[in-house]
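Okay, structure first, notes after.
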Amino acid sequence: MRDRRTTIFSVLLAATLAAAVAPAPAYAEPAGVTAQVEPNQVQNLTAVQGDGYATLAWTPVEGSTDYQIERTPIAADGSATGAAVITGVWRPNRQINNESPTFADSGFNPGDRFQWRVRARFGTTAQPYSEAISGTTTAPWGDPNVPGENLRTQWETTLAAQYTSDVNEYAYTAAVDELSDRVRVEEIGRTVLGRPINMFVIGYPTPPATPEAVAKTSPLLINCNVHGNEPGDREGCLIMARKLAFSTDARTIDLLSHTTVLIVPTINGDGRAANTRGNSTGQDLNRDYSLIRQPENAAFVRMLRDYHPVASYDGHEFGNSNAGDLPMLPPRHQNVAQSIFDESQHMIEGHMYSQGAKDGWWPCPYGCTGGGSVGLSEETILRNTAGLKNVVNSLLELRSSGGPTRPDEGNTANNRRRKTFSAMWTFNQFLDYHRANLTAITTARAEAIKFQVSNTGRIVFRGSRPIEAYPAPHPGDAPPPVDAPQSNLILDNAPCAYKLTEEQYNGARTDGPAGLRTTVAERIAAHGWQVVKTADGYVVPLNQPERGLIPLLLDGLGVENLVAGERVYPTATGKHNGQLVVSGFTCLKDATVNGPVRVQPGATLIATGSSFTGPVEANGAAGVFLTDSKVTGPVRITGASGPVVVADATVTGPVEVSNNRGGAPLLAGNTVTGPLSCGGNTAAPVNLELANSVTGPKSGQCARL
Ligand SMILES: [Zn+2]
């Protein structure tokens, strides 16, 4: 909560300063204007044009309780072409600072010209309007005469009367792909009805060629539309993709030179086409990201596994007219690493709240006023699933109706435009946040992975971290429900691993659309978890980067689990003197071994929080997991038939990982005093972009780890 403290301090400081300044009029009138000012008239009104909105700002009027924003369409000569309408109501809970009120007026057709006035109210008593100001709003991005830039979505060409159809989306997407070197459109999967699920992969001057290469750029991800009847964010994504693809402005080039932007416009194409929340089977896809029963979710989770986005946003709409413009929420599930929760909150409260106050948008904690039982800890929700996959992220909800603060949105097109352009504002802020805070994001991710592979702390099956109320004047009146875990959904003594039977692992399942059903083995592979094949089953160790998610799917206490796997507890703790020969299955937890460790062919060693004096040698093992541990002496893992994981280990001595045949060994976040050499592994070792600190030479397949 580092920023909470800073913000409280800022508020206190502001209050202290305000108290020290002479009372009303607190705001000096500019010379030469004084004579015309009426009592309580708003002064110094300005308008700054953004993409699809205009930020109005003014000097506060002492004693006002709210402000009304009036907009009038005008011609080039300034004459009115339509009626003046109250389009906005500014209230004190809208922004974290009330000294500089701002309002993002939106809903108009971009490019049109308007006049604005603002007046204060004392209760229901309106005060005099400000002097009028006028301006031409920013036209849709892209020169109509430049190929590529001149692409427009169906939503744009119909002036928000129609949403972009699937057919139009695919045509637009293909055109952006074809005309921009910066864009590659990947089909990451298909819906139940066979619609492509596309992803824009955007980089400068060109996007990296493979998912592995993209992962090295610490990419960020926007999931635009999972609920088919919440289409506002998707339109913002499509417009934004065009600008990223073709704009030559310095910010765009800078952003795309430093990372890769991943945009999935429509994961639920069938639901979008039918304007339904769920997919064609009626399944709410935002309740399936952990279980991945549906092909849409499986495609998305495989993409997360392969592209490793470090941060993400997930777009929705929210039917609570009393909420802020932009309810947001971090991953709250208590199995999410603290560092991921903190950094996600920092992105929301530390960045979005303050930028919202500058630009006039109103982010608030999801739920906001009277939001009900929303924003909880289901790991099936992408916000939580992504957090459990160590992705800094937030939910984004667009308040679906205008509500009392945007009273002109009975006009459908105006309502749609406000939602879409507020989403675009958020996603652009997200890009800027990622650009400015990448070190903090990747540090949070590294800390999270190290925490998870240590397999320490209790397991919570359902239950959230609290979201504290933000200090007044806060954006939103109330945080979401506490959602504390129930005692019967907490496992204090975490197992070492889960063991699954052949039937549990490879057996046919009925949870999923007919013809597209998948086994637990396939779903575990989609998540990217390592599994050891033993003589009598399949062992999924918990000391893996997604440790917080594994029990939710494989433990009998999981509220929405796949199977009730057998909990396998550590076989040894404490001190062991002399040689340790591992045959069969050994799980060491907080153990100290004074002597050499030899893992026999076909055996499995899992070790966390342990220390070893003497060489650790495994030849032909079924699996080796060495995490959060210290080894004084050489480590040599060769010829394993199953997974090899060495993460957050400190080794004083050489490390050799060679000729292993069980998939790519994971070597991440280790400190090696000595050489690191790898060769002959069927798949080259990977590090999840968590570098190893190696004092000796790194060679062979490990040369760049
Ligand atoms: Zn939704």
Side-chain angles (χ1 to χ4, degrees), residues 40 42 45 52-58 60-61 63-72 83-98 100-108 114 116-127 129-130 160 230 232 316-329 352-353 356-357 359-372 374-375 396-423 425-426 469-470 472-480:
N40 303 322
V42 164
L45 178 64
Y53 65 95
T55 300
L56 303 176
W58 59 91
V61 173
S64 66
T65 48
D66 67 10
Y67 298 86
Q68 290 178 312
I69 291 91
E70 179 203 68
R71 183 173 78 213
T72 308
V85 175
I86 302 288
T87 55
V89 174
W90 185 100
R91 291 173 170 174
N93 63 346
R94 186 175 181 86
Q95 63 189 70
I96 56 174
N97 61 326
N98 281 186
S100 307
T102 59
F103 190 91
D105 188 42
S106 187
F108 50 77
F114 298 98
W116 290 276
R117 299 192 300 172
V118 173
R119 67 183 177 189
R121 293 198 301 182
F122 293 180
T124 55
T125 308
Q127 305 301 311
Y129 268 116
S130 66
E230 300 174 3
H316 294 259
E317 297 189 22
F318 182 39
N320 176 349
S321 63
N322 288 311
D325 297 327
L326 297 163
M328 299 181 184
L329 199 67
M352 294 295 179
Y353 285 12
D359 293 342
W361 292 109
W362 181 11
C364 68
Y366 183 40
C368 302
T369 305
V374 297
L396 174 65
E397 299 275 349
L398 313 175
R399 184 185 63 240
S400 55
S401 71
T405 64
R406 294 185 180 272
D408 182 44
E409 293 191 9
N411 179 313
T412 300
N414 289 357
N415 170 257
R416 290 175 176 178
R417 292 185 187 111
R418 187 267 305 166
K419 286 187 288 193
T420 283
F421 292 119
S422 69
W425 174 84
T426 306
Y470 200 85
H474 43 73
D477 289 321

Are the side chain of [X] and the backbone N or O of [Y] linked by a donor-acceptor pair below 3.5 Å?
X	Y	value
T102	A357	yes
T55	G360	no
R417	G107	yes

State the [atom1]-[atom2] distance between [X] and [Y], to the nearest 0.5 angstrom.
X	Y	atom1	atom2	result
R399	R418	CZ	CZ	4.5 Å
D105	R406	CG	CZ	7.0 Å
L396	M352	CG	CE	8.0 Å
N414	F108	CG	CZ	10.0 Å
D66	R119	CG	CZ	10.0 Å

For a quick test of reading the model, state the closest non-hydrogen atom pair linking [X] to [Y] and the distance between them.
X	Y	result
P101	P60	CD-CG, 3.6 Å
L56	W116	CD1-CD1, 3.6 Å
P92	N98	O-ND2, 3.1 Å
C364	G324	SG-N, 3.5 Å
P480	V374	CB-O, 4.0 Å

Residues two or more places apart in sequence or in another chain: which of them pass side-chain hydrogen bond (donor to acceptor under 3.5 Å, both in side chains) with [X]?
X	result
S64	Y67
W425	D359
S401	none
W362	none

Legend entry - Qualifying residue, where the test is side-chain hydrogen bond (donor to acceptor under 3.5 Å, both in side chains) with Q95 and the options are W90, Y353, W361: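 That would be W90.
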With sequence neighbours excluded, tell me which residues meet side-chain contact (heavy atoms from CB on, under 4.5 Å) with [X].
X	result
P479	I467, A469
S400	E317, K419
N322	N320, T369, P404
V85	T87, D408

Inset, instruction - List in chain and number order the residues that pass ring pair (Phe, Tyr, Trp, His ring centres under 6.0 Å) with Y366, two or more places apart in sequence or in another chain; answer none if no residue qualifies. - result: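 Testing Y366 for ring pair (Phe, Tyr, Trp, His ring centres under 6.0 Å), a comparison that skips the adjacent residues, returns F318.
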Legend entry - Under the salt bridge (Lys or Arg N to Asp or Glu O under 4.0 Å) test, residues paired with R94 that sit two or more places apart: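 Salt bridge (Lys or Arg N to Asp or Glu O under 4.0 Å) list for R94, sorted by chain: D325.
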Inset, instruction - Quick one: list whatever passes salt bridge (Lys or Arg N to Asp or Glu O under 4.0 Å) with R117, sequence neighbours left out. - result: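 Once residues adjacent in sequence are excluded, the partners of R117 under the salt bridge (Lys or Arg N to Asp or Glu O under 4.0 Å) criterion are E70.
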